[in-house]
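Throughout, protein chains are lettered first and strands after them, A, B, ... in sequence-line order, and every chain is numbered starting at 1.
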Amino acid sequence: MNWIYRIDMTKGKVTKEAVPKAYAGMGGRGLTSAIVNAEVQPLCHPLDENNKLVIAPGLLGGTSAPCSGRLSVGAKSPLTGGIKESNSGGTAAQKLARIDIAAIVVEGKPEKSKLFALKVDKDNVKLLDASELKRLGNYDTVTRLTEKYGDKVSYITIGQGGEMLMAAASIAVTDMENHPTRHAGRGGMGAVMGSKGLKAIIVDDAGIDRPTMNDPEAFKEASRKFAQLLAKHPVTGETLPTYGTNALANVINEAGAYPTRNFSSGQFEGTGKISGEIQRETIIKRGGVPKHPCHPGCTIQCSRIYMDKDNNYLTKGPEYETVWANGANLGIDDLDAIALMDRLYDDYGLDTIEMGVALGVAMEAGVKSFGDVQGAIEMIKEAGKGTPLGRILGNGAVVVGQAFGVTRVPVVKRQGLPAYDPRPIKGIGVTYATTTMGADHTAGYSVAQNILKIGGSVDPLKPEGQVALSRNLQIATAAMDCTGLCIFVAFCVMDVPEAMEAIINMLNARYGTRLTGDDIVELGKKVLRTERAFNKSAGFTQSDDRLPLFFRTEKLAPHNAVFDVTDEELDTVYNF
Amino acid sequence: MHIRFYATLKDIVGQSEADVKFNGTVCELLSMLCKDYGERFRSTIFDDSGLLRNHINLIVNGQNIKHLNGIQTILKDNDVMAVFLPIAGG
């Protein structure tokens, strides 16, 4: 991928430049973080003209590499105030890569009332007026755009959440059914896009072939090998395709680490009603799709299509994180209601995790009661409408806690914790505390070794070994996020050394490089150092690498565990 | 004691939960279950050498037996054991 397109929203100008040497060899998260660190003033307001929204496919984007369709989106985060990379599935990354685009950098800011769409194809990248899309949800936006551009292109869009500049706003990417169901959810990237007056990006790769390989035969062989290994591994070949991401609900609940009612308990009595198993049964019974790829070339196929009670399309998944955040976390055991909430979030363009955590804090405050299904749906609709309460909710858990005087607010760097309590899974607590992203399970998924026993085993209830585990996973994940590969390939890669070899062979065959495993580790370290440098300049200190104090003082049933990895140990995570 | 079977295992054993009167080790319990549920259950849990398959997770009262005493973990009447095939998500 050879080109960076800069979209100057102040002047309405598009310029094309060759990828400069400073960014050479970077893709995905590596590239978004490098550009943000080099070009964004760390102390700028995330919604002002000094911030930049960077969109980048991974290094293997556009190729036939299995599961290589992740799209990285980076900026200074309106939620955390630090650097952010949020990545999404969907069909856009592969198309951007085929158009030879390494990154789109959206800069500046237009006059307040202006709204634009960016059309990207093989001949042109141009800004178009999009005022007719104002305040439309993602579904209606895609429907309108599809009338004009068809269903063979990809759409990257924001809903009302992004237009209203909410810190929980996501950026949607269309899936293979042309639904806006895959999201760069975390950290308010939708608000940054909204602040630029950019409603949509239309990506049309018509007339373009796959990228040229430096060594086509070697690539084909490595890609074939990688696909075989993914198919053979019991998780990537069986469990994820069969039960989807929500297969996790029961095991995390059994381990006593399924955060319930705003992190007040580790087990939810209604898990059986919202588990991956019951979800699969429901989907099959209603004629939905129980196994489904979110982009062409995904061999794991952990996505699914969920139908409502009348057997009509409702939403994708919903995924484990969404089911937890809006299920157990709210004391809700109604899968149809959770699926409806997922649909609303996707339509408004709001992060299902941040919103679920925010709703949990609101329920703790008594705005609605835990278990109140209709109350939860009403709160989400308030966010979509932008009422005063809705704007509080749409700006995340911290703002809700401040507005209602709640002291138990489960966040790190102002970002809501995902679906694993860090007291009985201490490794993920280390990741939450120390990642540059704010609480983010994907940044170093210690749950694999702590609970699932994939890629090793570390006792989740003891503090020993958690820092080293998280450090190594954070480095590996940062490198993997540069490739555009889905994080789920890691379940295979962590167990099977040949899978990592296959990835390196694909990269080398694609670019004519001679990368080794050590180079990949160095790449991961470089990304983390870059992000850490930005956060430091933005004002972050060691005290930001901490979990809220209640995780150290409130014992969590059933293990009565507290988070007891010491601050001194946490401060060694970046000793590499 | 109480046993819970999840995902495909539920289909293999034909039920999601079972109550058994048992005092002994996890190893002995699994041998008993193999007799009750037959060859498909046995070959799902154990490999050809008779070792517990990689990634089979047995969680007793919220703790993986790997962090207790492995298959020699002693089970008591009120214990709850959950049996998981290789599983992940996120």
Could you tell me which portion of [X] (side chain, backbone, both or neither) has an atom closer than 4.5 angstrom to a non-hydrogen atom of chain A?
X: B:Ile59; result: side chain
X: B:Asn61; result: backbone
X: B:Phe84; result: side chain
X: B:Ser16; result: neither

Please find out if less than 6.0 Å separates the ring center of A:Phe263 from that of A:Tyr420. no

Classify the side-chain pair A:Glu321/A:His441 by whether it contains a donor and acceptor separated by less than 3.5 Å.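 Yes, A:His441 and A:Glu321 have a side-chain donor paired with an acceptor closer than 3.5 Å.
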
Which one wins on heavy-atom pair count under 4.5 Å against chain B: [options]?
options: A:Leu461, A:Ile454, A:Leu452; value: A:Leu452
options: A:His559, A:Glu319, A:His233; value: A:His559
options: A:Ala255, A:Gly244, A:Gly256; value: A:Ala255
options: A:Thr236, A:Val251, A:Leu240; value: A:Val251

Quick check on [X] against chain B: is it the side chain, the backbone, both or neither that has a heavy atom closer than 4.5 Å?
X: A:Ala419; answer: neither
X: A:Asn246; answer: neither
X: A:Val447; answer: neither

Step by step, would you call A:Arg186 with A:Glu354 a salt bridge (Lys or Arg N to Asp or Glu O under 4.0 Å)? CA-CA 7 Å; A:Arg186 309 239 63 192; A:Glu354 191 61 41; 3.2 Å; yes

Give me the atom names and distance for the closest heavy-atom approach of A:Ile428 to A:Asn450. N-OD1, 4.0 Å

Please determine whether ring-ring contact (aromatic ring centres under 6.0 Å, His included) holds for the pair A:Phe488 and A:Tyr445, giving the CA-CA distance in whole Å, both sets of side-chain angles, and the decisive distance to 0.1 Å. CA-CA 10 Å; A:Phe488 290 157; A:Tyr445 191 68; 7.9 Å; no

Go through A:Gln267 and A:Tyr258 one step at a time and tell me if the side-chain contact (heavy atoms from CB on, under 4.5 Å) criterion holds. CA-CA 5 Å; A:Gln267 287 183 321; A:Tyr258 200 43; 5.9 Å; no

Under a 4.0 Å threshold between the charged nitrogen and the carboxylate oxygen, would A:Lys316 count as salt-bridged to A:Asp342? yes

Go through the steps to decide whether A:Arg280 and A:Glu277 satisfy the test salt bridge (Lys or Arg N to Asp or Glu O under 4.0 Å), and finish with yes or no. CA-CA 5 Å; A:Arg280 175 179 165 80; A:Glu277 287 92 328; over 6 Å; no

